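For clarity, every value in this text was computed on a predicted model and none was experimentally measured. A, B, ... follow the sequence lines: proteins, then strands. Residue 1 opens every chain.
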Amino acid sequence: MTPQRTLATAGRVLSQVRHDPRTIVLLLVVPSLLIGLLAWIFSDTPVFATIGPGMIALFPFIVMFLVTSITTLRERRTGTLERLLSMPLGKGDLILGYTLAFGLLAVAQSAVAVGFAVWVCGLEISGSIWLLLAVAVADAVLGTSLGLLASAFARTEFQVVQFMPALVFPQILLGGIFLPREQLPDVLRMISDWLPLSHAIDALQAVAADSQDAAYVGGEVLIIGAWVVGAVVLGSVTLRRRTP
Amino acid sequence: MVNTSAPAVDVTDLHVRRGKHPVLRGLTVTVPRGVVVGLLGPSGCGKTTLLRAIVGVQVVQSGTVTVLGLPAGAAPLRHRVGYVTQDASVYDDLTVRQNLHYFRAVLGAPRRDVDRVLALTDLTAQASQLVGSLSGGQRSRVSLAGALLGSPDLLVLDEPTVGLDPVLRVELWTLFHQLAAVGTSLLVSSHVMDEANRCDRLLLMRDGEILADDTPAGLLAATGTSDTEGAFLALIAQHPLGEATGSVS
């Protein structure tokens with residue numbers, strides 16, 4: 001594994017995305033449109049103020065999960081992965097290259113979503129906007145790394161799309177957007193304590209309400225980071241140079 | 001550390017199964033250095049599996065595969081073996097040049113190598129086109145160009161001339177011989193028998209076994225036939241399928 005090969009891979013993935021302007025527009029605009037829709041639905045109620053921060057975590061997470069899992073699956077299916085693994089490319093170069101490239105896209109996407117939520121939809125953020133953005137980016141990178149992992153267990157595009165409801169929906173349901181996590185049945189609350197999206201939503205709500213200090217938010221981001229590292233390591237273990 | 005006297009490829013008693021189906025059953029073969037060796041046989045006879053084992057991307061059950069004196073798939077070989085899969089393994093959403101630049105960076109080859117392989121594969125005019133917009137023959141040449149980067153010592157090419165017009169095919173075979181003349185070893189598979197005469201040596205394969213390992217002229221002399229197709233048929237008559245596979249029915 002070398003920095004040159006990792007960066008070359010990230011650059012290659014970004015060039016591929018650049019040749020697909022429609023995907024770029026969808027990536028940047030769709031989360032904001034959905035947040036806007038939500039703000040409109042709840043315009044005369046206090047609901048948006050409570051679930052708005054959670055939504056900032058949700059959309060980049062889901063979109064990045066899908067985009068990453070499908071792109072890497074395509075690489076496996078078109079034979080380019082076999083070619084790369086017969087060349088002196090480290091498995092880490094590939095996984096980190098992808099994480100870097102999509103992580104960069106995630107920064108842009110989260111910045112647009114946060115900006116739209118705050119300045120257009122009037123979401124009140126009592127804490128630091130930068131902290132909010134940092135959590136949102138960590139969350140999008142989490143989506144990227146879980147998507148990489150999911151693509152290792154899918155053989156077709158149909159399968160990989162099914163991983164979305166399987167891996168993502170439970171985290172949304174248990175994450176505290178539908179019902180505050182303290183009110184969940186005990187077993188479900190303990191499960192939700194282990195899920196990374198719960199920590200992302202907790203952190204975003206804490207920043208929005210300015211109810212906790214930066215150290216608490218940092219701790220939550222660290223938990224998300226641990227999940228990212230775990231998924232990346234597991235993802236590179238599942239890459240095999242020799243296949244049956 | 002590199003053994004220069006070893007053959008390009010040395011396969012001994014190789015067993016490979018894909019799924020539940022045995023594809024190679026105790027295959028033994030040697031590919032000499034610096035020549036163009038053709039691997040011929042009908043579709044589904046195990047050519048791709050053998051090539052994958054030589055490149056080191058195939059899980060094998062037993063047997064040894066030694067490439068340039070090292071076990072197949074060893075890390076130093078990843079710089080020295082160029083591999084072209086049957087379907088062009090390139091990125092359709094990148095230009096020809098962007099594809100080659102990425103593969104070059106992965107190999108650590110010099111920048112000017114991209115222009116060299118573009119010229120060798122006659123793709124200079126298409127360099128800035130998206131690969132997805134090219135014809136099938138052009139796409140497979142991009143894949144070949146990628147394998148020529150870094151001037152590997154061994155080129156493993158799986159049906160590189162499929163879908164090419166006759167003129168291009170002749171040009172590619174000329175290129176293969178130019179590469180062999182400067183010391184590159186080439187193993188080229190094909191299911192088109194009339195390409196056999198363009199090879200320095202031939203491996204005829206059927207149902208996971210090597211039926212013949214000879215020069216084209218030697219093969220015709222040994223079988224008393226006038227073309228490779230006839231030679232292949234004569235060999236099949238000498239080795240009925242049941243006997244060759246050792247199965248009892």
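The side-chain heavy atoms of B:N99 and A:R12, taken from C-beta on, include no pair separated by under 4.5 Å. Considering only heavy atoms from C-beta on, A:T80 stays 4.5 Å or farther from B:Y102 through its side chain.
Chosen from B:A53, B:G56, B:A147, the residue pairing most often with chain A at heavy-atom distances under 4.5 Å is B:G56. Taking A:T9, A:T2, A:T78 one by one and counting their heavy-atom pairs under 4.5 Å with chain B, the maximum is reached by A:T9. The residue among A:Q4, A:E75, A:R18 with the most heavy atom pairs within less than 4.5 Å of chain B is A:E75. Looking only at heavy-atom pairs under 4.5 Å with chain A, the residue among B:R17, B:R18, B:H79 that has the most is B:H79. With chain A as the partner, the residue from B:V59, B:V57, B:T49 showing the most heavy-atom pairs under 4.5 Å is B:V57. Comparing B:D87, B:L94, B:V81 by heavy-atom pairs within less than 4.5 Å of chain A, the highest count is held by B:L94.
The two residues A:A8 and B:A105 make their nearest non-hydrogen contact at CB-CB, 3.7 Å. The shortest heavy-atom contact between A:M87 and B:F103 is CE-O, 3.5 Å. The shortest heavy-atom contact between A:Q16 and B:Y91 is NE2-CD2, 3.3 Å. The two atoms that bring B:Q58 and A:R242 nearest to each other are O-NH1, 2.6 Å, heavy atoms only. Here the shortest heavy-atom pairing between B:Y83 and A:R83 reads O-NH2, 4.1 Å.
Using a 4.5 Å cut-off between heavy atoms, A:L84 touches chain B through its side chain atoms alone. Proximity to chain B is limited to the backbone of A:L85, based on heavy atoms less than 4.5 angstrom apart. Contacts of B:V55 with chain A are made by side-chain atoms alone, with heavy-atom separations under 4.5 Å and no backbone atom involved. Neither the backbone nor the side chain of B:L77 comes within contact range of chain A; no heavy atom of the residue lies under 4.5 Å from a heavy atom of that chain.
By the 4.0 Å N-to-carboxylate-O rule, B:D93 lies close enough to A:R74 to be salt-bridged with it.
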